[in-house]
Amino acid sequence: MSMEAMKRAAAAEALKLVRPGMKLGLGTGSTAKHFVDLLGEAVAGGLSVVGVPTSEATRRQPESLGIPLATLDDLVELDMTIDGADEIDPAMNLIKGGGGAHLREKIVASASKMMVVIADDSKIVSALGRFPLPVEVVRFAEETTRRAITAAFAEEGLACRLVPRMKDGVRFVTDEGNLIVDARLEDANGVDHGGRIEQPARLAERLAAVPGVVEHGLFIGLCSAAYVASQNGVARMDRTS
Ligand code: 5RP
């Protein structure tokens, strides 16, 4: 099975959880795109749902498929959010934000009774940290914020190198008008010492406390279930605590 076929298979499993009348958070990224595609087919076949997109990029796809959309201000609470992830650890903590949408994704997931992740099995890790952690920062005093982020990692015993997120040769700007730095677990010379975020909840708290950090890509205790596709099929994982 190709990677795209695996992503679609995971999305198809998540679609089985959707019931008529549900209010759904629609994730961002290539895996979530498959889900929106399949949801569009179901809506065309008569399913009635309403979606809240987690990014401007995601908004265009459901619009073109005729999926009714609303804002979180309209709905306040959602039944379920379906989204991809960059890493999933055994406790079902996540790294997200590879697409730069983790701020809205976290707001939408937090407003949902259930967050369901869909992914291929390359996203499963024994500890978070191989994927660079996206941190959304305000434009003001970026260097000051960067130093505080580096210090937060150091307090967890982790060396990190902060790489400005770029797109088409210029700084990537999020839907909320902020910047992103990607925290790589490397020393200042770019050498990877095999760092692992052993205490993601603690690092999440430290990063959230940095003035200038708008949101980081650690999703702690938000994901309730995940459909993970491999060559052997799609397995469901449930968070137990
Ligand atoms: C976007 C995200 C995505 O869900 C994450 O990057 C996974 O994307 P993909 O399904 O394309 O691998 O967090 O901000």
Side-chain angles (χ1 to χ4, degrees), residues 1-15 24-39 51-62 72 78 80-89 92-112 114-125 128-137 163-167 171-184 197 200 204 207 213-220 222-230 234 237:
M1 214 186 329
S2 72
M3 188 67 96
E4 289 311 308
M6 285 200 278
K7 291 176 184 181
R8 203 167 182 88
E13 286 305 312
L15 186 69
L24 300 172
L26 305 177
T28 297
S30 59
T31 317
K33 200 162 179 287
H34 284 292
F35 177 80
V36 174
D37 230 18
L38 294 169
L39 186 65
V52 173
T54 52
S55 65
E56 293 308 314
T58 294
R59 179 186 308 284
R60 291 187 277 276
Q61 189 196 3
L72 208 45
L78 305 180
M80 181 165 67
T81 284
I82 303 91
D83 204 346
D86 299 299
E87 284 189 347
I88 308 168
D89 80 3
M92 296 182 67
N93 295 316
L94 314 172
I95 287 183
K96 284 187 52 56
H102 58 279
L103 170 58
R104 289 192 185 181
E105 289 173 332
K106 196 179 282 189
I107 294 170
V108 172
S110 300
S112 303
M114 187 178 186
M115 179 191 192
V116 176
V117 165
I118 48 179
D120 63 83
D121 62 351
S122 69
K123 306 293 180 68
I124 300 290
V125 295
L128 302 177
R130 188 189 55 192
F131 191 89
L133 180 67
V135 184
E136 182 162 341
V137 297
V163 180
R165 176 85 61 99
M166 307 293 287
K167 190 177 177 192
R171 286 298 291 270
F172 175 85
V173 178
T174 69
D175 284 343
E176 295 298 323
N178 300 307
L179 304 175
I180 290 184
V181 290
D182 290 304
R184 296 177 174 269
I197 303 173
L207 290 172
V213 167
V214 182
E215 194 53 84
H216 54 76
L218 287 168
F219 281 46
I220 309 296
L222 277 173
C223 171
S224 324
Y227 288 102
V228 180
S230 70
V234 180
M237 292 166 65

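First listed ligand is number 1; within each ligand, the first listed atom is number 1.
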Please test Ile124 against Val228 for side chain to side chain contact (heavy atoms under 4.5 Å, CB included), starting from the C-alpha separation and ending with a verdict. CA-CA 8 Å; Ile124 300 290; Val228 180; 3.9 Å; yes

Passes side chain to side chain contact (heavy atoms under 4.5 Å, CB included), Glu136 versus His216? Steps please. CA-CA 6 Å; Glu136 182 162 341; His216 54 76; over 6 Å; no

For atom 3 (C) of ligand 1, closest protein heavy-atom neighbour: Thr28 O, 3.2 Å

With Leu15, which of Asp37, Ile118, Leu39 fulfils side chain to side chain contact (heavy atoms under 4.5 Å, CB included)? Leu39

Check this for me - ligand 1, Gly99, N or O atoms closer than 3.5 angstrom, yes or no? yes

Near Gly84 (heavy-atom distance under 4.0 Å), the atoms of ligand 1 are 4 (O)

Do me a favour and list the nearest non-hydrogen protein atom to atom 6 (O) of ligand 1 with residue, atom name and distance? Asp86 OD1, 2.6 Å

List the atom of Asp182, the atom of Ile180, and the distance in Å for their closest heavy-atom pair. OD1-CG2, 3.9 Å

For atom 10 (O) of ligand 1, the protein heavy atom that lies nearest, with its residue and separation: Thr31 OG1, 2.5 Å

The atoms of ligand 1 lying under 4.0 Å from a heavy atom of Asp83, numbered in the order shown, are 4 (O)

Nearest heavy-atom neighbours spanning Ile88 and Met237: CG2-CE, 4.2 Å

Roughly how far, to the nearest 0.5 Å, is the CG atom of Asp86 from the NE2 atom of His102? 10.5 Å

Per-atom filter on ligand 1: closer than 4.0 angstrom to a heavy atom of Gly100 are 14 (O)

Consider every N or O of Ala32 and every N or O of ligand 1, then say whether any pair is closer than 3.5 Å. no

Can you tell me if Ala85 has a non-hydrogen atom under 4.0 Å from ligand 1? yes

Where ligand 1 meets Gly97 - atom numbers and elements under 4.0 angstrom, heavy-atom basis: 2 (C), 13 (O), 14 (O)

If you have a sec, work out which protein heavy atom is nearest atom 11 (O) of ligand 1 and how many Å separate them, to one decimal? Ser30 OG, 2.5 Å

Distance to 0.1 Å, residue and atom name: give those for the protein heavy atom nearest to atom 12 (O) of ligand 1. Lys123 NZ, 2.6 Å

When you measure from atom 8 (O) of ligand 1 to every protein heavy atom, which one gives the shortest distance, and what is it? Gly29 CA, 4.1 Å

Closer than 4.0 angstrom, basic N to acidic O: yes or no for Arg104 and Glu56? yes

So which of Ile95, Val125, Leu94 actually passes side chain to side chain contact (heavy atoms under 4.5 Å, CB included) with Phe131? Ile95

